[in-house]
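In what follows, chains carry the letters A, B, and so on, assigned in the order in which the sequence lines appear, proteins first and then strands, with residues in each chain numbered from 1.
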Amino acid sequence: MSRSPDGSPLERSQGRGSGLLCLCAALVLWLPSPSLAEEPKFGFGRLATPEEIAAWDTDVRPDGKGLPKGSGSVSFGQEVYDAKCASCHGTFGEDNQYMAIAGGVQPGDIDRGRASILATGQPLRTVGTKLNHVSTLWDYINRAMPFAQPKTLTPNEVYALTAYVLHLNDILPADATLDEKSILEVRMPNRNGFTTEHGFMSKAGKPDVKNAACMKDCVATVTIASELPESAQGMHGNLAEQVRSFAPTSGVKSGRAPAGASAAASPTSPGLDLAKKFACMACHGVDNKVVGPGFREIAARYKGSGGAEPQLLAKLKAGGAGVWGPVPMPPQAHVSEQDLKTILTWVLSGSPTR
Amino acid sequence: MAVTDAPEKGQSPQSSEATGSRGRIEPAAENFFTAAELSRRKFFGKALAAIGAAATAGAVTPSAAETARQAVQEGLEKNLPPNVPEWSKILGAPILAHPYGLPSPHEKNIVRRESPGLTRTPHSSVAFTPLQNLFGIITPSGLHFERHHAGTPEIDPHQHRLMINGLVKRPLLLTMEDVLRFPSVSRIHFIECGANSGMEWGNVAVPTVQYSHGMLSCSEWTGVPLSVLLQEAGYDAKRAKFILPEGSDGAGLTRTIPIELALDDVLVAYGQNGEMLRPENGYPLRLLVPGVQGVSSVKWLRRIEVGDQPWNTREESLHYVDLMPSGLHRQYTWIQEAKSVITSPSGGQRLLDKGYYEITGLAWSGRGKVKRVDVSTDGGRNWRTARLQEPVQTKALTRFRIDWRWDGSPALLQSRVMDETGYVQPKYNQLRAVRGEKSIYHNNSIQTWRVAESGEVSNVQVS
């Protein structure tokens, strides 16, 4: 039991059960009396407390079940968004480098409850054009965003961000405010855009596409309708290096190995590994700017200026903006000082990739 | 197009004709040389035999690259008969040189890979299983495909908890020790991502089976039937209609699962191929929903809620919904319909020679067992029924094999599965006639591999 340093004595004793409890459980197992079906069959674990459930059960349903009290305006949403979201999703939610979250809603969509763009040859798929229930947007921002610091927003911030993202999608006016009641009145443009009339919901469901198991002279002519486009040739690297070197078939030599693949095959530097692990690479390229500057740009800037490391370490811990532009870096509090130092040493030494 | 058929009765598939005088396109052991390199290699070989190594080096003055190649060749030959291999004359590594054994370094090509440009960040991305070189039906745990939405969390099992709440009499909090004490079962099941082959809905987009079908893996999973845990918590059998599993990763991924499915064959799994789950596959606890889109098999499982309405979560409204030509999205499309693919020979490979080949591949169905697999080598005009590797198991990969004699002319290889419900895997034109081309998910079309006269195999779609 000493293996489990976190288990409180209370939890231990309830989880494991005393000798006496075990005996009772065994008796329960052997008594077929229906009244005892009310009792747990095994008695493992313990009851979750209301506080524990409240802390973990944050999901929100379309009917609003799960929404906490709170409120937020479009204008407060814009403040939070510009600070915590715009760097990845673009000032207007239009940037598809990570995922566009706004655009495509057409006049008239909200009244019809169908996003007309989805029936076109270019079905722009965003929160605005796709989503049927606003609860999903609230729930998702609350549990998963910002991407590298999920579960750090307050309920008021999430209401405000929801309002602002809806505003960016032309669903709410600039003066709107959302709270746990008014949010249920939002009319989503694609609220009538979903169907469950299909055969995929159960094993017994009826398939929508039928083929026959014909065996002989099944088709008159066979024509090649599609093959790998020129632009995609070589994109997946050298295929000869992607098969076993002794086999009934060999691999076709083509292209170059993709950067990721070769890096995976050879030892990488610990600095790079940590930078990947802690999602620094979500905002920094080795060479190029993503949201923040490229790591080699940083090295070039601080080259020769000894003592940059402590200053940068402080910046990483506290976050901040202004050196490279108006977009702030969030505090990197999830990374230990030791790991931050390793990454910084690697960055300042020019980010060798192996 | 010539229709090639199985070896005739009584004729050994490895007749001397197949391996001998017909003329190889590329000999097997040296297949990493091009034809040009190969002839040079042969020249060196002859020269060596005739005038000896020193003279050769002097006479031909090979470039550095050629010298290297020659060294490789000498390395190859010094262990071949009539020589006695070096490793036969020394002691090998002692036991426990690797307390956790790893594949031979010569297997370095058989790794998971990502498809460049498919996703925007390595923390919400896909690594594909190298189906092209796997045998049987079990995916080695280290090669199981990966799909995460916020990276792989590093979870201390001692600090991991499973909560069961909602419409239950006894909301439970279970430690890993608690979970491991319940009666367990082991079953072999595939997991296929709903988006497997999704890049190919409109047209051919990727070169090999690793990228076209590699969001597919199959393991022996061990765990507690979810029904046991729901009963233990005293779920409300009258009102319970759905459950919501939730991951403890940054994405906190959630999915709605109907209670009938949950009580049927769903596992709360901790074992994968005899050991604990790999971190990438949900360590220390995951849900396993057989036959359903992989995203429902929530990894790093921390909570299961019982409810009476679907949740409409992000992964079942903004994603994993199927856009139809009408602009409507099909929602809650859980079941993975029957599908099959030839893994060898397959795209990006080259046949070494005319003659005998075993065509082999995988078939599976989210609705149960594979009943039959047919294979065509002429683009779907004529079909022959393949052998199935027994035992055929429900909602598990099934290995099929069939003999084929390649006569050197172009061929179009296809496989077509029929499952125990009688459902037959469809063709692209049949799928697109109903669902259009913007669907992303549930592409279970028949796959075509074209064999060119050169022996090169490539990905094509036929109509």
Side-chain angles (χ1 to χ4, degrees), chain A residues 4 6 15 40-42 44-48 53 56-57 59 61-62 98 118-119 123 130-133 136 140 143-144 150 193-196 198 200-201 203 207-209 211 213 215-216 218-219 222-228 235-236 239 241-245 249-250 252 258 260-261 279 282, chain B residues 31 109 113-114 116 120-121 123 132-133 158-159 163 165 170-175 178 181 203-204 207 232 250-252 303 309 311-312 314 317-318 327-335 345 348-351 367 379-383 418 423-424 426 430-431 434 438 456 459-463:
Chain A
S4 186
D6 60 300
K41 191 169 174 188
F42 301 96
F44 301 152
R46 65 167 173 85
L47 293 181
I53 295 172
W56 276 22
D57 181 358
D59 56 70
R61 283 197 325 201
Y98 284 95
L118 296 179
K130 246 186 165 178
L131 198 54
N132 46 352
H133 296 292
T136 307
Y140 182 69
R143 74 173 55 242
F194 287 76
T195 176
T196 52
H198 54 70
F200 290 90
M201 284 175 85
K203 199 183 147 181
D208 59 342
V209 181
N211 191 9
M215 297 302 283
K216 224 177 145 29
C218 301
V219 282
V222 177
T223 47
I224 304 288
S226 172
E227 47 193 306
L228 196 65
M235 201 171 125
H236 287 79
L239 304 180
E241 289 168 6
Q242 303 181 21
V243 293
R244 189 167 286 124
S245 52
T249 58
S250 66
V252 173
Chain B
N31 67 55
N109 289 354
R113 294 188 169 80
E114 66 179 319
R120 290 126 170 129
T121 139
H123 292 87
Q132 64 273 20
N133 284 121
H158 304 102
Q159 298 190 52
M163 180 184 283
N165 74 311
R170 293 175 292 275
L172 289 179
L173 197 66
L174 302 173
T175 64
D178 296 330
R181 287 180 75 190
N203 52 271
V204 170
E232 179 74 6
R303 196 170 68 90
Q309 287 177 27
W311 276 265
N312 199 75
R314 184 232 187 191
S317 56
L318 283 166
L328 269 183
H329 276 101
R330 287 181 177 169
Q331 195 178 20
Y332 302 124
T333 51
W334 291 310
I335 304 289
Q349 303 179 352
R350 188 193 298 279
L351 306 192
R367 290 203 164 90
R381 271 180 260 184
N382 299 289
W383 298 81
M418 182 199 285
Y423 172 84
V424 179
Q430 296 168 328
L431 276 170
V434 177
K438 308 282 184 199
E456 189 169 326
N459 184 4
V460 298
Q461 294 180 1
V462 297
S463 61

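For the pair B:S317 and A:H133, the minimum side-chain heavy-atom distance is 4.5 Å or more.
With rounding to the nearest 0.5 Å, the separation of CZ in A:R143 from CZ in B:R314 is 11.5 Å. How far NE2 of B:H329 is from NE2 of A:H198: 12.0 Å, rounded to the nearest 0.5 Å. Note that CD of B:Q461 is 11.0 Å distant from CG of A:L228, once rounded to the nearest 0.5 Å. Atom CZ of residue B:R303 and atom CH2 of residue A:W56 lie 9.0 Å apart, to the nearest 0.5 angstrom. With values rounded to the nearest 0.5 angstrom, A:L47 atom CG is found 6.5 Å from B:L172 atom CG. Rounded to the nearest 0.5 angstrom, A:E241 CD and B:N109 CG are separated by 6.5 Å.
Between B:Q331 and A:T196, the closest heavy-atom pair is O-CG2, 3.8 Å. Closest approach of A:E227 and B:V460 over heavy atoms only: CB-CG1, 3.9 Å. Of all heavy-atom pairs between B:S463 and A:A225, the closest is OG-CB, 3.8 Å. The two residues B:P116 and A:M235 have their closest heavy-atom pair at O-CE, 3.1 Å. Annotation for A:I53 and B:P171: closest pair CD1-CB, 3.6 Å, computed over non-hydrogen atoms. When every heavy atom of A:M201 is checked against every heavy atom of B:Y332, the shortest pair comes out as CG-O, 3.1 Å.
Of the two parts of A:D208, the backbone and the side chain both hold a non-hydrogen atom closer than 4.5 Å to a non-hydrogen atom of chain B. Looking at B:Q309, the atoms closer than 4.5 Å to chain A (heavy atoms on both sides) sit in the backbone and in the side chain alike. For A:Y140, the part lying under 4.5 angstrom from a heavy atom of chain B is the side chain only. Residue A:P123 touches chain B through its side chain alone, counting heavy-atom pairs closer than 4.5 Å.
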Check the pair B:R330, A:T195 against side chain to side chain contact (heavy atoms under 4.5 Å, CB included), reporting the backbone distance first and the verdict last.
CA-CA 5 Å; B:R330 287 181 177 169; A:T195 176; 4.1 Å; yes
Could you please spell out the steps behind the side chain to side chain contact (heavy atoms under 4.5 Å, CB included) verdict for A:K216 and B:N382?
CA-CA 5 Å; A:K216 224 177 145 29; B:N382 299 289; 3.5 Å; yes
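With hydrogens and angles ignored, the 3.5 Å screen pairs a side-chain donor or acceptor of B:E232 with a backbone N or O of A:F42.
Top candidate by heavy-atom pairs under 4.5 Å with chain B, chosen from A:A279, A:P207, A:A213, is A:A213. Between chain B and the residues A:A48, A:P150, A:P62, the largest count of heavy-atom pairs under 4.5 Å involves A:A48.
Screening B:V462, B:N459, B:V204 against A:S226 for a side chain to side chain contact (heavy atoms under 4.5 Å, CB included) leaves a single residue, B:V204.
No hydrogens or angles considered: a donor-acceptor pair under 3.5 Å links the side chains of B:N312 and A:T136.
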